[in-house]
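Labels below follow one simple rule: chain letters A, B, ... track the order of the sequence lines, proteins then strands, and each chain is numbered from 1.
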Protein chains: 2
Amino acid sequence: MRTVSGAVPSRPRLRADARRNSEQIRSAAIGAFQGRGLTVPLEEVAEAAGVSKATIFNRFGGRVGLIEAVIEEVVASELFAVIDHTRTIEDVGERITYYLTAIRDLQYRQPAVNDVLLQVYPHSRQLMEICRVGSEANDELVAAARESGVLRPEFTAGDLHALVVENALALKHGTRPARDDYDRRTGYLLDGIRGHRPPAGNR
Amino acid sequence: MRTVSGAVPSRPRLRADARRNSEQIRSAAIGAFQGRGLTVPLEEVAEAAGVSKATIFNRFGGRVGLIEAVIEEVVASELFAVIDHTRTIEDVGERITYYLTAIRDLQYRQPAVNDVLLQVYPHSRQLMEICRVGSEANDELVAAARESGVLRPEFTAGDLHALVVENALALKHGTRPARDDYDRRTGYLLDGIRGHRPPAGNR
DNA sequence: GGTAAGCTGACTCGTAGAGTCAACTTTCGA
DNA sequence: TCGAAAGTTGACTCTACGAGTCAGCTTACC
């Protein structure tokens, strides 16, 4: 299993209350980030954890530290699972369909994914690394797809990237559509970027 | 444009300097709104007009008043021209293509259009009216297009609306793409929403 | 029970632009 | 020409929000 975190340097032992608080903050953060994205006020995380905001600073150094302590659970594991699974799909057309559908599903369900993709915290190496891995997956996918003629020949990796980023912006700044509307629009997108080869029975 | 005639109460006549300033502010506002959208700082408009910010408040009452004094030139005329021209196109497929292309062109060239579509100033009756007219044009277009089978049967007016609004969000909050990339993506969009069975007479 | 680790309430800070107003300047008609 | 109303403006306040800080108190641990 791929992770973004390196080895955590073994720290001097924390006092029991500090350890307990760290754990409470972590799980409050996971909940808050999943529900409201990475930009949720730290006050809110603190309240959910039953500690004061200052304790978050004591334990995690600030928002970026906190994000990095939980990003694996909140974003990276699911995102990488999608990417990894994409690579196992033989048929390139299906691979595109799966990838775009799964990414858009993730974007809809996990606002935090959009914050990562939009690089809201560009100072976090970990978050940037997640982006980089995502971009690579994009490039790889588009290269394979174009080679096999499944996508329109003029479709670029930049186009796929823009598709995903624009969706992130729409979800972050707009009103979230009903799920079935959203999914139907995913279908339009897919049809718009596919090559016009296969003559019979769409899909 | 309708005006309530006769009901100009006390002070029809401005002093010469005030009239001059009003004109300078108006043209500075047109330039600024066209270049930077309706949310440009008033300070900037004032500077371009060679007056102080307070003078804008004296003459126009604030941002909304200023916007309403120039929205015709900045947004409404072009937008309505697109809508009117759309209605003159016989072929429904061409009508869709023209409309979406022209609206997206306008969104790209005039950031202010996006501020109107996103209802950034919902207290302005004039701006809301422009939105309403746009929405009606959308509905009308989708109704005609679906009837003739030019669009996928499941495509709704809400889908078209979402398409336009999401593009507005992307342009407002994201980095503006190169023009040729943008236009190519307009093409994908159009292909994604068109019906798959060619409607009768080919094109 | 000494003490260092840890916690927190209350604070400052930063941002960024809207909107206000007392004091000054300009216009204009008599 | 002059007085007074109209108009302008620099400098101010206000708002909103949350990040980040720290002195002084509390707690865990030996």
Side-chain angles (χ1 to χ4, degrees), chain A residues 10-29 32-33 35-70 111-112 115 120-124 127 172-173, chain B residues 8-29 32-33 35-70 111-112 115 120-124 127 172-173:
Chain A
S10 47
R11 301 206 135 220
R13 209 169 161 64
L14 285 177
R15 236 169 61 177
D17 52 350
R19 236 174 305 134
R20 184 180 0 99
N21 284 337
S22 281
E23 227 3 88
Q24 285 170 349
I25 291 168
R26 268 179 52 89
S27 57
F33 288 157
R36 317 238 281 114
L38 300 182
T39 58
V40 65
L42 291 185
E43 256 336 325
E44 227 166 276
V45 177
E47 195 179 1
V51 300
S52 98
K53 181 176 49 148
T55 301
I56 294 181
F57 284 84
N58 290 342
R59 296 286 118 249
F60 298 92
R63 181 188 297 280
V64 169
L66 180 57
I67 290 173
E68 296 192 336
V70 299
D115 293 323
V120 174
Y121 301 103
H123 297 307
S124 164
L127 297 194
K172 187 173 178 66
H173 298 283
Chain B
V8 185
S10 45
R11 274 273 150 216
R13 191 153 186 88
L14 287 177
R15 233 168 66 176
D17 52 349
R19 236 174 304 133
R20 187 184 352 105
N21 284 338
S22 280
E23 224 8 86
Q24 286 170 349
I25 291 168
R26 268 180 51 89
S27 56
F33 289 157
R36 316 239 278 115
L38 300 182
T39 58
V40 65
L42 291 184
E43 197 87 72
E44 227 166 276
V45 176
E47 194 178 4
V51 302
S52 98
K53 182 176 46 146
T55 300
I56 294 181
F57 284 84
N58 290 342
R59 296 285 118 252
F60 297 91
R63 182 189 297 279
V64 170
L66 180 57
I67 289 173
E68 296 193 334
V70 300
D115 293 323
V120 174
Y121 301 103
H123 296 306
S124 164
L127 296 195
K172 186 171 180 66
H173 298 284

Worksheet item: Do any side-chain nitrogens or oxygens of B/Ser52 fall under 4.0 Å of OP1 or OP2 in D/dT8?
Response: no

Worksheet item: When the distance from CZ of B/Arg13 to P of C/dT26 is rounded to whole Å, what number comes out?
Response: 20 Å

Worksheet item: Has the side chain of A/Lys53 got a donor or acceptor that lies under 3.5 Å from a partner of the other kind on the base of D/dG18?
Response: no

Practice prompt. Would you mind telling me which residue lines up with the more 5' stretch of DNA chain C, B/Gly61 or A/Arg59, judged by nearest nucleotide?
Written response: A/Arg59

Worksheet item: A/Arg20 has an atom CZ; how far is it from atom P of D/dA28, in whole Å?
Response: 7 Å

Worksheet item: Starting at CG of B/Leu38 and ending at C1' of C/dG17, how long is that distance when rounded to a whole Å?
Response: 16 Å

Worksheet item: In whole Å, what is the span from the CZ atom of B/Phe60 to the C1' atom of D/dG7?
Response: 14 Å

Worksheet entry | Pair B/His173-A/Lys172, side-chain contact (heavy atoms from CB on, under 4.5 Å): steps then yes or no | CA-CA 10 Å; B/His173 298 284; A/Lys172 187 173 178 66; over 6 Å; no

Item to complete: Would you kindly check whether a donor in the side chain of A/Arg15 faces an acceptor in the base of D/dA28, or vice versa, at under 3.5 angstrom?
Response: no

Practice prompt. Mind calculating the distance between CZ (A/Phe57) and P (D/dG18) to the nearest angstrom?
Written response: 13 Å

Fill in: Sugar-phosphate only, base, or nothing, as touched by A/Ala54 at under 4.0 Å among non-hydrogen atoms
base

Worksheet item: Quick check: does any side chain N or O of A/Arg19 sit under 3.5 Å from a backbone N or O of A/Leu14, one acting as donor and the other as acceptor?
Response: yes

Item to complete: Give the rounded distance in Å between these two atoms: CG of A/Asn58 and P of D/dG24.
Response: 17 Å

Worksheet entry | Under-4.0 Å salt bridge between B/Glu23 and B/Arg20 | no

Worksheet item: Between D/dG7 atom P and B/Gln24 atom CD, what is the distance in whole Å?
Response: 15 Å

Discussion item. Taking the nucleotide of DNA chain C with the nearest heavy atom to each, does B/Glu43 or A/Ala18 sit closer to the 5' end?
Written reply: A/Ala18

Worksheet item: CZ/A/Arg63 to OG1/A/Thr39 distance, rounded to the nearest 0.5 angstrom?
Response: 6.5 Å

Discussion item. For a quick test of reading the model: is some side-chain N or O of B/Asn21 closer than 4.0 Å to OP1 or OP2 of D/dG7?
Written reply: no

Worksheet item: Should B/Val64 and B/His123 be marked as a side-chain contact (heavy atoms from CB on, under 4.5 Å) after you check the CA-CA gap, both sets of side-chain angles, and the distance that decides it?
Response: CA-CA 8 Å; B/Val64 170; B/His123 296 306; 5.6 Å; no

Worksheet item: What is the distance from CG of A/Leu42 to P of C/dT8, rounded to the nearest Å?
Response: 15 Å

